[in-house]
Amino acid sequence: MSDYLEGLNPEQRGAVQQTEGAVMIIAGAGSGKTRVLTYRIAHLMQKGVDSFNIMALTFTNKAAREMKERIAHIVGNTEAKNLWMGTFHSIFAKILRFEAHRLGYPSNFTIYDTDDSKSLIKAILNEQGLDDKVYKPGMVYNRISSAKNNLISPEQYQADVYIQEEDKSNAKPKMGLIYQIYNERCFRAGAMDFDDLLFKTNILLRDFPEVLHKYQDKFKYILVDEYQDTNYSQYLIVKKLAAKYENICVVGDDAQSIYAFRGANIQNILNFKSDYPEVKVFKLEQNYRSTKNIVGAANSIIANNQDQLEKVVWTANEPGEPIRVYKSLTDNEEGGIVAGNIFETKMNEQAHNKDFAILYRTNSQSRAMEEALRKLNIPYRIYGGLSFYARKEIKDLLAYFNLAINNKNEEALKRVINYPARGIGKTSLERMIVLANENSVSPWDIVANADQFKVQLGAAAAAKMSEFANMIKSFSIMLKAQNAYELSSHIATSSGLLKELYNDRSPEGVSRYENIESLLNSIKEFVDSEDEIDTLEQDLQNLEQGGAVDTGTGELYNNTNRIKTLDEYIKDIALLTDADKDDPADADRVSLMTIHASKGLEFNYVFVVGLEENLFPSHLSLNARADLEEERRLFYVALTRAKKRAVLTYSETRYRWGNLVVAEASRFIEELEEKYVEHAVDKRKQQAPTYLGMNRNPFTQERTEVFQKKEKPQPTVNPVVVPKGNFKKVSAANPVKNTTSDFVADDPALLQTGMDVEHERFGIGKIVNLEGGVNDIKATVFFQGLGQKQLLLRYAKLKIVK
DNA sequence: GTGTAATGCTATTGG
DNA sequence: AGCATTACAC
């Protein structure tokens, strides 16, 4: 049971066993950090620390989940379940929901995502008559975000002479006012943005000593992963919570600090010693992940940075092969080289798709890679970019859900009040909002009480308005009475949204419809899942009652008959990212992601693409040394993801904004110590088709096209892939691009009641009834998850499954 | 009020 | 190139 200590090196073991007091673990890339964290928590529990008293803050929810599983293997599932583990945002959102009333918020407050926030900012700019070309919404958002991350309230912001000067000299003197109005509007809407989750937690701990003491006593042991990427707001939360027992353990690597742009403060790790003078420091310097060449190359890069803690990462692993560098003429060719390389490696080294990662600086670089991979039929999955929950149709439906849960949610109201179109136009809506602002209430209060507020509306518009309000009210009433699936399908149908999407026959429309389907399916899964109720919620309640915590599997948690409601499903959805999803169907795919998103991951083969000046390092970071050093750390992170092989590519030309731009190799390539590098030539290039007689000027597009035409695989003759089972799941990274083209219906005359059939949009269903004449057959088909549909076979195509 | 065509902006990185 | 906003016709 305790032989887990055996497999650790002395430094790692020290870090695990030093359970008391302040501990800082400087963990180089690939040094077994996760193992140490996992064992440390397990060790705490074996020493008798109650799992309810441990909080571990991780960088992603997925990391927390995985760590929990590993701990469960050591100490057992029941105990592991009670650990408080997750991201700052999700952990403190949970606490905030519990304590919201103290701050004047409802416990079912909405979490605004970035889109919501920006849309609100736009609305405010409009109302204030400010030019959104001067006050760019994204820029305003960032400014507000950074104020919040530094715990500067709107009042402080406007009172701060230095900030005011800064804004004035940037010709944006109204920034503070916007911030103030933005905050008021969020409050009135019962909404918090991402930064509020941390800001309000700070307020809570600052203004309510009894709350502070409660959580100080609860979280006797605190662990923070990726400490180098915490911002001031997070830093202070941790510091306050740890102030009583000072059992705080932070893990990080200054060399991997890559989130300064969103407020992360590398000083948090550099200054940890002055905050806790008694701190015990452990340095994990042995890399178990990568070859000597990779470690050496990475070290040679980071040596170019001035700001760093003293640390020597080394490895006992094999030398391995040099870092390969490929040059291409165009970004498409770059994709071809990478895809071709993956293809070959798979053949020659029996590698799996999941062993490969393609990492890039900006999301927009993924396209060329995707196309190249598709050509070679290599399955891939994109992480990041547009997340599933950020899709328009998903956001629309979620907006209905959110509005039902929290009527005051202004952004949700604006989104759906006239979608699908129900005759409540822009002018009416604007009038509502003006009135709401005049009365300091939320727009919903006006919509729901139009008569009281004497809204000037035509009879027709007024009727539509109250019809809409009644519909939303009816949803709200059903919240606790129906389970999440019943209610969500009801909303999807009776809002008219499903019909609206169904009527769109374009491939995109079909895809949108299927995405909605996929969302409803996942809600169904949520409802059907046996999983325990949120023990943490229970934990908080016990804490409130001051009672002893039941750590067993006792009746406290026995809740099998409980209805799983929609608000539970929706709660933290804004906090989910692609990285948090684990779809078994994605198990063996090449991973495509930004380097930022790759933090903490590892792959046998890593391709870092687009190593060009102005792209990586980004043109926006060339002016300040600190920014450039962050880019360099980013490159360090990219390289150290690789276990066996790292390949770097750059292109001499690249499309940006639809224009061909000339590029030169990144300075980072030169900074690599020469002995670790091999400048490779792609095979395809050795046999460069001079005979084509084309202009070989790399800056012309034609050449690339010829090159590509040659590469194009023969169109597959007949894709005899018969989709089986249930609906095709549409993941964010794997949207259905076009499903209309290949769908061939069977002759309606062959259909019989009881048959399983497939509909191109609804998927598989069972024929319940057939009626009507030969040319006018009407089929009633039951589709799992959608219910019965009447289909006129003159129009609807049905394929017989069995 | 609604739907479509023209215009204009964007693409660091993300919870 | 792709998307969101705007302008304009109905």
Side-chain angles (χ1 to χ4, degrees), chain A residues 57-63 86-93 111-119 122 126 132-133 136-139 141-142 145 148-149 192-198 226 229-231 233-234 257-264 331 359-368 371 383-387 389-390 392 418-430 458 460-461 464 508 572-580 593-599 610 612 614-622 627-628 630-631 633-635 637-638 654-661:
Chain A
L57 298 163
T58 57
F59 196 69
T60 63
N61 287 308
K62 190 183 171 198
T87 61
F88 272 90
H89 289 87
S90 62
I91 294 278
F92 294 112
I111 300 175
Y112 273 174
D113 66 18
T114 312
D115 280 351
D116 297 325
S117 297
K118 284 185 185 164
S119 144
K122 267 184 213 166
N126 246 330
D132 63 0
K133 285 179 189 70
K136 292 196 175 146
M139 192 238 119
Y141 175 78
N142 286 336
S145 169
K148 286 187 179 176
N149 286 330
M192 295 195 197
D193 66 18
F194 287 138
D195 304 310
D196 280 336
L197 296 176
L198 307 174
E226 308 286 5
D229 285 325
T230 52
N231 59 38
S233 186
Q234 293 167 319
S257 158
I258 54 176
Y259 278 98
F261 73 91
R262 71 172 200 218
D331 41 7
L359 308 180
Y360 35 77
R361 180 65 180 83
T362 64
N363 281 307
S364 56
Q365 288 166 255
S366 69
R367 181 157 316 218
E371 277 170 20
Y383 291 80
L386 194 62
S387 115
Y389 298 105
K392 184 189 175 302
N418 197 34
Y419 182 78
R422 48 174 75 85
I424 305 174
K426 216 172 148 192
T427 0
S428 309
L429 182 60
E430 257 164 28
K464 299 259 165 77
E508 294 78 19
D572 292 339
I573 257 187
L575 301 176
L576 291 182
T577 64
D578 281 354
D580 293 325
M593 65 185 91
T594 62
I595 301 166
H596 283 92
S598 76
K599 192 168 80 159
E612 291 139 38
N614 297 321
L615 179 61
F616 192 19
S618 158
H619 64 283
L620 293 166
S621 45
L622 299 179
D627 291 344
L628 186 63
E630 177 150 317
E631 295 281 310
R633 290 193 295 269
L634 195 55
F635 184 46
V637 169
R654 181 175 298 279
Y655 276 94
R656 277 181 129 172
W657 298 280
N659 295 319
L660 196 67
V661 175

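A, B, ... follow the sequence lines: proteins, then strands. Residue 1 opens every chain.
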Original post:
Between the side chains of A/Thr427 and A/Glu430, is a donor N or O closer than 3.5 angstrom to an acceptor N or O?
Top reply: no
Subject >> A/Phe59-A/Tyr259 aromatic ring centre distance below 6.0 Å >> reply: yes
**OP:** Taking side chain to side chain contact (heavy atoms under 4.5 Å, CB included) as the test, write out the residues that go with A/Asn418, two or more places apart.
**Re:** A/Ala421, A/Arg422, A/Ile424
**OP:** Give A/Asn418 one of three labels, base, sugar-phosphate or nothing, depending on what nucleic acid heavy atoms sit under 4.0 Å from its own.
**Re:** sugar-phosphate
**OP:** To the nearest 0.5 Å, tell me how far A/Met593 CE sits from A/Leu359 CG.
**Re:** 6.5 Å
**OP:** Using atom NE2 of A/His619 as one end and atom C1' of B/dT10 as the other, report the distance to the nearest whole Å.
**Re:** 11 Å
Original post:
Between A/Phe261 and A/His596, does the ring centroid distance fall short of 6.0 Å?
Top reply: yes
Protein-nucleic acid N or O pairs under 3.5 Å, nucleotides 4-9 of chain B:
none

**OP:** Take A/Lys122 and A/Asp132 through the salt bridge (charged side-chain N to carboxylate O under 4.0 Å, His left out) test and state the conclusion after the steps.
**Re:** CA-CA 7 Å; A/Lys122 267 184 213 166; A/Asp132 63 0; over 6 Å; no
Sort me out a list of protein N/O and nucleotides 1-6 of chain C N/O pairs below 3.5 Å, or just none if empty.
unit_1: C/dG2; atom_1: OP1; unit_2: A/Arg367; atom_2: NH1; d: 3.3
unit_1: C/dT5; atom_1: OP1; unit_2: A/Lys122; atom_2: NZ; d: 3.0

Subject >> Stems formed with participation of DNA chain C [Watson-Crick or G-U wobble, under 3.5 Å, three or more pairs] >> reply: B:1-10 with C:1-10
Subject >> Side-chain donor-acceptor contact under 3.5 Å, A/Ser90 with A/Thr87 >> reply: yes
Original post:
In whole angstroms, how far is the C1' atom of B/dA11 from the CE atom of A/Met139?
Top reply: 18 Å
Subject >> CD on A/Gln234 to CG on A/Asn149, rounded to 0.5 Å >> reply: 7.0 Å
Subject >> Nearest-angstrom distance, P atom, C/dA4 to B/dT13 >> reply: 16 Å
Original post:
Nearest nucleotide by nearest heavy atom, which residue falls closer to the 5' end of DNA chain B, A/Arg422 or A/Leu620?
Top reply: A/Arg422
When you compare the protein's N or O atoms with those of nucleotides 13-15 of chain B, which come within less than 3.5 Å of each other, and at what distance?
unit_1: B/dT13; atom_1: OP1; unit_2: A/Asn363; atom_2: N; d: 2.7
unit_1: B/dT13; atom_1: OP1; unit_2: A/Asn363; atom_2: ND2; d: 3.3
unit_1: B/dT13; atom_1: O4'; unit_2: A/Arg361; atom_2: NH1; d: 3.2
unit_1: B/dT13; atom_1: O2; unit_2: A/Arg361; atom_2: NH2; d: 3.4
unit_1: B/dT13; atom_1: O2; unit_2: A/His596; atom_2: NE2; d: 3.3
unit_1: B/dG14; atom_1: OP1; unit_2: A/Thr594; atom_2: OG1; d: 2.7
unit_1: B/dG14; atom_1: OP2; unit_2: A/Asn363; atom_2: ND2; d: 3.3
unit_1: B/dG14; atom_1: O4'; unit_2: A/Arg262; atom_2: NH1; d: 3.3
unit_1: B/dG15; atom_1: N2; unit_2: A/Asp195; atom_2: OD1; d: 2.8

**OP:** Go through the steps for A/Leu615 and A/Tyr360 under the test side chain to side chain contact (heavy atoms under 4.5 Å, CB included), then give the verdict.
**Re:** CA-CA 10 Å; A/Leu615 179 61; A/Tyr360 35 77; over 6 Å; no
**OP:** I would like to know whether A/Lys148 and A/Asp193 meet salt bridge (charged side-chain N to carboxylate O under 4.0 Å, His left out); could you show each step before the answer?
**Re:** CA-CA 10 Å; A/Lys148 286 187 179 176; A/Asp193 66 18; 2.8 Å; yes
**OP:** Would you check, one step at a time, whether the test salt bridge (charged side-chain N to carboxylate O under 4.0 Å, His left out) holds for A/Asp229 with A/Lys599?
**Re:** CA-CA 11 Å; A/Asp229 285 325; A/Lys599 192 168 80 159; 2.3 Å; yes
Original post:
Within the side chain of A/Glu631, is there an N or O that forms a donor-acceptor pair under 3.5 Å with the backbone of A/Ser618?
Top reply: yes
Original post:
With sequence neighbours excluded, what pairs up with A/Asp195 under the salt bridge (Lys or Arg N to Asp or Glu O under 4.0 Å) test?
Top reply: none
